[in-house]
Amino acid sequence: MVNPGVAESFRRVGRDLRSWTASEAAPVPAVRAACGIAAVMAAVQALDSPGWSIPAIMGAWLGGVGLLTPGTRTEPGVPLLIGLAGAGGLLLGAIDHAVLLVAAAALYGFALTLLGSISLHTGITLTVSGLAFFLSEHLAAHTDPWTAAAAVGAGGAVQALTALLPPRYRWAEDRRILAGAWRALADEAAALADAPDVPFRTEALAEAARELDRRRALPAAIVDARAQMYAVSAAIGRVASARARADARDQDTVGFHSEALRLCSRLLAHFADEITAPRPTALDWDELVESLGRSPVATSTGTIPAEVGGLLRTLHDTERYAARIATGSDDVVADRALRHATGRARESLQELAGHFHRADPVLHHSLRRAGVVALATAIGLAWPLEHGYWIPLTAWLVLQADFAGTLTRGVTRAVGTLGGVVVASGLSLVIPHVPLSLSLTVLAYALLAYLARPVSMLVFAAAVAGFTVFQVDLSGQDALGAAADRAASTAIGASVSIGFYMLVPTWQTRRLGDLLADLIDAYGDYARLALGRQANPADYDAKLTHAVIDGVRSKRAALATAADQAKAEPVGGPGPLSADALGAEEALSRAARALVAVNASAGSSGEAAPLPGVEAFAQSVDAAYRRLAALAGGEPPPLPVDLAEAARRLDAELAEGDAETRARRSVLRWEIDNLVEALDDVGLLIAGWGRP
């Protein structure tokens, strides 16, 4: 029987080879980046193709790849940084001593991988600019390394200038990030309309908050909308909680609250389109609300329930933010450049320092990449043909932090490169070998690669192969021989990466228990705040609660990512497997939904009266979370807690009270049963893992 992880890996390789996401294509930036290469090629042709022609074209090429990488801001700073980093890498790669070059490759791979963990933007910039290190020998073949390095930097500078060409919108990526968060909330609302206990799937909120918080400057409306994401999420939770409480009593009320959640989903999706789509579809807000108001539940008393009314008010605020963002009429809110830079530097240094311990996966990946690059560089130096540098370059691009990513990237790149080499080699037999024809072919391949970058990795790899084949033609070398050499080197580089990962792996399966324990701790922090708000409303700290929520979402995203990677690994226990960890997380999500409803029932005012018995119950809940975290992490757990008995005591204390606290007591009495049931389910799931 085939190992499930092996079978999943092969399925992912097949999906990756067939993947085609035409909706992600960015033709305008692609043409703009191709114009940058065209400008450089025209300049070097006018200067009669000096020795630094190829590094200048390559600098412009790398800058364009950075601009076309999904998730990257289309700012001139990106190609400028790539050009500068590429120039430095080229000089380091020009070391003439074999042993020193292998050592430099290892150090370079380790440093760039570790620094790239700071943020997605940094990782993209360093990965792209790192190609200049491995192409150093080829780029400096007809000039000295310093001139070649300057040419790479100049090519990046030209691409930076083209990034300023119209049509250009500075905040496009930031709008896309915010729209992704709104769409995640829309999906959550739609799911809750059908089932009140669906697990959280809002990792996009954590990603959006993290990315937007990193920006030095943003329009005021985006800043306000980022802060309001918490209110939207809480309002959705309140309506879902009301729907759940009515589930066993009144199907009309259930239908009304479900329709309100579907309305919320449609509106949020519309707002996301409004700030990103060139021509968003029209939406008649009045008609939607009027149709909701015709519900019997709404009209029997002449009012809309408080939870639905609160959701509609929140969505009205979101509508105003979307309108301000779409018109671009807001002032820009910006931190002082020096303060922002020093603050980010401190955060980055702290983050890097946190990676230096034995169990950290980023450190593992950095060391593994250093070893792969050093080994591939040594093989490349011993390669009997001329293009041995392509072996470490391929290894650098193929190796990922997880096994499935390395395998899919390795196979896709190898197949794409082989296909691209075959097509380009055949094309080189019929195209006249004159500068104009070759330049136009290089430009066509560059444009194809830019168009395919966000659409298909297979087509992108093929286009890159064709681009480099004709770059070799421009330098007067044999295209067919170079193509065959490059195809063989690509296969070797990909094999080195995949084989090295198998020898020195970081299996995500082994980390699932610890990641789940971290998530349980984060949920426990939120439970203390949500229940503490009911026990002592005056002590509630909204900023602290938002920080804890961001922490929960970040840890949930980390667990979801690791579980997805673990699913394709050819390994088993001990401890939880991917499905086990996700099952426990779903039960934790049900508990969290109960806590979200409890927290939202307190309202926005800090003047609510304390509820009796909640503080003692909160201590029991805290002890239960600590026990679950210890069990998940394989540590000796504290003594078990009888949550059911604690819930019965709290229910008895909440049975009586004044009219002012009736709604809060009703929500709390309903949700504590859901909380206890969910935590009991988590305990049953974890108890069966048998971790040592």
Side-chain angles (χ1 to χ4, degrees), residues 23 176-209 225 228-247 250-277 280-285 287-295 297-298 304-305 307-319 321-322 549 552-553 556-557 560 582 585-597 600 674:
S23 60
R176 186 197 64 79
I177 292 171
L178 179 62
W182 282 346
R183 290 191 178 99
L185 287 168
D187 292 341
E188 181 184 11
L192 287 170
D194 298 324
D197 58 350
V198 295
F200 282 113
R201 287 292 178 266
T202 57
E203 285 78 11
L205 294 181
E207 182 65 25
Q228 198 233 8
M229 288 191 303
Y230 302 106
V232 177
S233 181
I236 291 172
R238 290 185 67 188
V239 175
S241 175
R243 178 200 184 284
R245 293 196 300 275
D247 214 0
D250 187 347
Q251 288 304 309
D252 286 339
T253 303
V254 170
F256 177 71
H257 285 82
S258 295
E259 183 58 33
L261 289 169
R262 293 189 186 97
L263 169 65
C264 172
S265 178
R266 292 195 296 272
L267 287 172
L268 287 171
H270 171 74
F271 298 152
D273 289 340
E274 184 178 353
I275 65 173
T276 55
T281 57
L283 186 68
D284 191 334
W285 169 279
E287 181 181 347
L288 287 172
V289 175
E290 183 181 351
S291 66
L292 184 65
R294 287 195 293 267
S295 166
V297 176
I304 289 179
E307 298 87 359
V308 175
L311 177 62
L312 294 178
R313 286 192 297 273
T314 303
L315 291 174
H316 269 298
D317 292 338
T318 310
E319 180 193 30
Y321 296 141
I549 291 172
V552 169
R553 287 173 176 156
R556 190 172 63 238
L582 291 178
E585 199 282 319
E586 287 188 9
L588 287 167
S589 290
R590 296 204 310 272
R593 287 212 179 277
L595 291 168
V596 167
N674 296 330

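Below, all heavy atoms of this structure are taken into account, side chains as well, without hydrogens, waters or symmetry copies.
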K.L.:
Could I get the full list of side chain to side chain donor-acceptor pair (under 3.5 Å) partners for E585, not counting sequence neighbours?
P.N.:
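E585 satisfies side chain to side chain donor-acceptor pair (under 3.5 Å) with R201, Y523, S589 only.
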K.L.:
Is R266 salt-bridged to E259, going by a charged N under 4.0 Å from an acidic O?
P.N.:
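Salt bridge flag = yes for E259 with R266.
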K.L.:
Checking L178 against Y321 for the side chain to side chain contact (heavy atoms under 4.5 Å, CB included) test, could you report, in this order, the C-alpha distance in whole Å, the side-chain angles of both residues, the deciding distance, and whether it holds?
P.N.:
CA-CA 11 Å; L178 179 62; Y321 296 141; over 6 Å; no
K.L.:
Under a 4.5 Å cut-off applied to non-hydrogen side-chain atoms, are D273 and R183 in contact?
P.N.:
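D273 vs R183: side chains touch.
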K.L.:
Return the minimal non-hydrogen interatomic distance between V596 and G237, and the atom names on each side.
P.N.:
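That would be CG1-CA, 4.2 Å.
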K.L.:
Would you mind reporting whether L263 and L312 have side-chain heavy atoms less than 4.5 Å apart?
P.N.:
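Yes; the side chains approach each other to less than 4.5 Å.
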K.L.:
Check side chain to side chain contact (heavy atoms under 4.5 Å, CB included) between A184 and all other residues, then give those that pass, not counting sequence neighbours.
P.N.:
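Side chain to side chain contact (heavy atoms under 4.5 Å, CB included) list for A184, sorted by chain: A204.
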K.L.:
Which residues satisfy the side chain to side chain contact (heavy atoms under 4.5 Å, CB included) test with S258, sequence neighbours excluded?
P.N.:
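Here the qualifying residues are A193, R243, V254, R262.
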K.L.:
A190 and S265: which non-hydrogen atoms are nearest, and at how many Å?
P.N.:
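Closest heavy-atom pair between A190 and S265: CB-OG, 3.6 Å.
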K.L.:
So, for W182 and A225, which heavy atoms are closest and what is the spacing to 0.1 Å?
P.N.:
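Heavy-atom minimum between the residues: CZ2-CB, 3.9 Å.
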K.L.:
Going by side chain to side chain contact (heavy atoms under 4.5 Å, CB included), name the residues that satisfy it together with A191, two or more places apart in sequence or in a different chain.
P.N.:
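Per chain and number, A191 pairs via side chain to side chain contact (heavy atoms under 4.5 Å, CB included) with V198.
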K.L.:
I'd like to know whether L311 forms a side chain to side chain contact (heavy atoms under 4.5 Å, CB included) with R238, so could you lay out the CA-CA distance, the side-chain angles of the two residues, the decisive distance to 0.1 Å, and finally the verdict.
P.N.:
CA-CA 8 Å; L311 177 62; R238 290 185 67 188; over 6 Å; no
K.L.:
Listed by chain and number, what are the salt bridge (charged side-chain N to carboxylate O under 4.0 Å, His left out) partners of R553, not counting sequence neighbours?
P.N.:
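Scan of R553 (salt bridge (charged side-chain N to carboxylate O under 4.0 Å, His left out), adjacent residues dropped) gives none.
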K.L.:
Between CZ of R313 and OG1 of T318, what distance do you get to the nearest 0.5 Å?
P.N.:
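Result: 13.0 Å between the selected atoms.
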K.L.:
Taking all atoms of both residues into account, what is the closest heavy-atom pair of A240 and L261, and its distance?
P.N.:
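It is CA-CD1, 4.3 Å.
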K.L.:
Starting from the C-alpha separation in whole Å, work towards a yes-or-no answer on side chain to side chain contact (heavy atoms under 4.5 Å, CB included) for D187 and L192.
P.N.:
CA-CA 9 Å; D187 292 341; L192 287 170; over 6 Å; no
K.L.:
To the closest 0.5 Å, what do you measure between CG (L185) and CG (L267)?
P.N.:
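Answer for the CG-CG pair, L185 versus L267, is 12.5 Å.
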K.L.:
With a 4.5 Å limit on heavy-atom distance, are the side chains of Y230 and L205 in contact?
P.N.:
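No, side chains not in contact.
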K.L.:
Not counting sequence neighbours, which residues clear side chain to side chain contact (heavy atoms under 4.5 Å, CB included) with I177? List them please.
P.N.:
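I177 satisfies side chain to side chain contact (heavy atoms under 4.5 Å, CB included) with E173, A208, E211, L212, R215 only.
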K.L.:
Can any side-chain N or O of Q228 pair as donor or acceptor with the backbone N or O of T314 at less than 3.5 Å?
P.N.:
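Flag set: sc Q228 to bb T314 pair under 3.5 Å.
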K.L.:
Taking atom CD of E274 and atom CG of L268, what is their separation to the nearest 0.5 Å?
P.N.:
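Those atoms lie 12.0 Å apart.
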K.L.:
Please report the interatomic distance CZ(R593) to CD1(I236), rounded to the nearest 0.5 Å.
P.N.:
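So the gap between those two atoms works out to 9.0 Å.
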K.L.:
Do any N or O atoms from the side chain of S241 and from the backbone of A597 form a donor-acceptor pair under 3.5 angstrom?
P.N.:
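Checking the backbone N and O of A597 against the side chain of S241, no donor-acceptor pair under 3.5 Å is found.
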